[in-house]
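Just below is one structure, and these are the notes that go with it.
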Amino acid sequence: MKVDVQEIKSFQRKIREFYRQHGRELPFRLIDDPYAVTVSEIMLQQTQVDRVLPKYRAWLKKYPTWKKLSLASNKSILASWSGLGYNRRALYLKSIAEIIIEKYHGVMPSDIKELKQLPGIGEYTSHAILIFAFNKRLATVDTNIRKALLSEFNLPPDTSDSEIQELAQLVLPKTKIRQWHYALMDFAKTLPKEIHLIYKNKYKQSKFDGSIRQIRGEIIRQLTTQPFITHKDIAKITKRTETDIAQAVSDLQKDKIIIIKEDKIYLQK
DNA sequence: ATCCCGTTGA
DNA sequence: TCAACGGGAT
């Protein structure tokens, strides 16, 4: 991957100018507290900003620190998460809080390897935390930034993640790394979707109505208002087949979201 | 009906 | 490498 120095400079100017005129001011762009940054980044995984905003504010009010979060019940956490989807993320966040309190004595590590060990934190989020909370000069690539780089440098849609990461590092400015990433993300939003992602139906999801997912959601919703539930209760509420319910329960169990004791279904822990 | 979009585990 | 995970606005 080689890119002309002048090309990099002009790209940087273009992105910076775009940000000066069209950059979004978002609450999680005004803070660098590692806890708040982590909460925002995990909420923002697979989830639009507009959906995250009210939940993010409410979450920080209710659980303002790692310590407070580590002491919260799963029931309370899942209730706060309701509406965001991918409920595993809420439990990941609580696990992270427990690890930070117990293993790191309340201080989030700033080492990439340590960060990636934490549940729910992968390639993108570990880098994002280092950039937004620890002010590191590092690049991170989400699908929007990927789209911006492919488009700007005329790269083929099948360019590998490692190549994109390398390019992102190459075009990284010397300073204001946080703003650079905000700018890239905002700029990328204005670009058309990647054709091959549409072609591969990457955004396609199976119908919600009648899905196992629908039952999963209902079970979790019920468990945020009562201590346990049975297969029979679920059948009555959802009017779904025993097979579908068994599947949903088994999936939730595998995801460590629920546990079963004497035919009763409880939230984990 | 379509759209958004990172991590995990097999 | 790839399926599974999610719900609400439009």
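Proteins come first, then strands; the chains are lettered A, B, ... in the order of their sequence lines, and each starts at number 1.
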- Which nucleotides of DNA chain B pair, in dot-bracket form (Watson-Crick or G-U under 3.5 Å, | meaning another strand): ||||.|||||
Using a cut-off of 4.0 Å on non-hydrogen atoms, how would the nucleic acid contact of [X] be classed: base, sugar-phosphate, or nothing?
| X | answer |
| --- | --- |
| A:E41 | nothing |
| A:K147 | nothing |
| A:L118 | sugar-phosphate |
| A:I42 | nothing |

- Note on the structure: Scanning both residues in full, the closest heavy-atom pair of A:P34 with A:M108 reads CB-SD, 3.8 Å
Between [atom2] of [N] and [atom1] of [X], the distance in whole Å:
| X | N | atom1 | atom2 | value |
| --- | --- | --- | --- | --- |
| A:K116 | B:dT8 | NZ | P | 10 Å |
| A:M185 | B:dC4 | CE | C1' | 15 Å |
| A:K189 | B:dC4 | NZ | C1' | 7 Å |
| A:L53 | C:dG8 | CG | C1' | 15 Å |
| A:D50 | C:dG8 | CG | P | 14 Å |
| A:Q45 | B:dC5 | CD | P | 12 Å |
| A:Y124 | B:dT8 | OH | P | 15 Å |
| A:D161 | C:dT1 | CG | C1' | 12 Å |

- Task: Could you state whether A:V39 and A:Y124 fall into the same hydrophobic cluster, counting links through intermediate Ile, Leu, Val, Met, Phe, Trp or Tyr residues with side-chain heavy atoms under 4.5 angstrom apart?
- Result: yes
- For A:L26 and A:Y182, run side-chain contact (heavy atoms from CB on, under 4.5 Å): C-alpha distance rounded to whole Å, both residues' side-chain angles, the deciding distance at 0.1 Å, then the answer. CA-CA 10 Å; A:L26 300 169; A:Y182 299 150; over 6 Å; no
- Query: With rounding to whole Å, what would you report as the distance between C:dG8 and B:dT7 at their P atoms?
  - Reply: 23 Å
- Query: When rounded to the nearest Å, what value does the distance between P atoms of C:dC2 and B:dC5 take?
  - Reply: 22 Å
- Item | Electrostatic pair A:R20-A:E17, nearest N-O below 4.0 angstrom | yes
Quick one: which of [options] gets closest to the side chain of [X]?
| X | options | answer |
| --- | --- | --- |
| A:T143 | B:dT7, B:dG6, C:dC5 | B:dG6 |
| A:Q46 | B:dT7, C:dG7, C:dG6 | C:dG6 |
| A:N144 | B:dT7, C:dG6, B:dC5 | B:dC5 |

- Task: Please work out whether the ring planes of A:F228 and A:Y266 are parallel, tilted or perpendicular, with thresholds of 30° and 60°.
- Result: tilted
- Task: Can you label the angle between the A:F132 ring and the A:H181 ring as parallel, tilted or perpendicular, going by 30° and 60°?
- Result: perpendicular
- Query: Does A:S126 or A:Q48 map to a spot on DNA chain B nearer the 5' end, using the closest nucleotide for each?
  - Reply: A:Q48
- Message: Quick check on contacts: within residues 82-104 of chain A, what sits under 4.0 Å from DNA chain C by heavy-atom distance?
- Response: A:G83, A:G85, A:Y86, A:N87, A:R88
- N or O in side chain of A:R51 less than 4.0 angstrom from B:dC4 OP1/OP2: no
- Task: Could you walk me through whether A:L172 and A:I177 pass side-chain contact (heavy atoms from CB on, under 4.5 Å), step by step?
- Result: CA-CA 7 Å; A:L172 197 64; A:I177 303 306; 3.9 Å; yes
- Task: Determine which pairs satisfy salt bridge (Lys or Arg N to Asp or Glu O under 4.0 Å) with at least one residue from residues 24-34 of chain A, sequence neighbours left out, and list them in order.
- Result: A:R24-A:D186, A:R29-A:D186
- Query: Is it the case that more than 12 heavy atoms not belonging to A:K116 sit under 6.0 Å from its NZ atom?
  - Reply: yes
- Query: Which is it for A:R213 and A:F208 under the side-chain contact (heavy atoms from CB on, under 4.5 Å) test, yes or no, and what are the steps along the way?
  - Reply: CA-CA 7 Å; A:R213 237 171 59 232; A:F208 182 67; 3.2 Å; yes
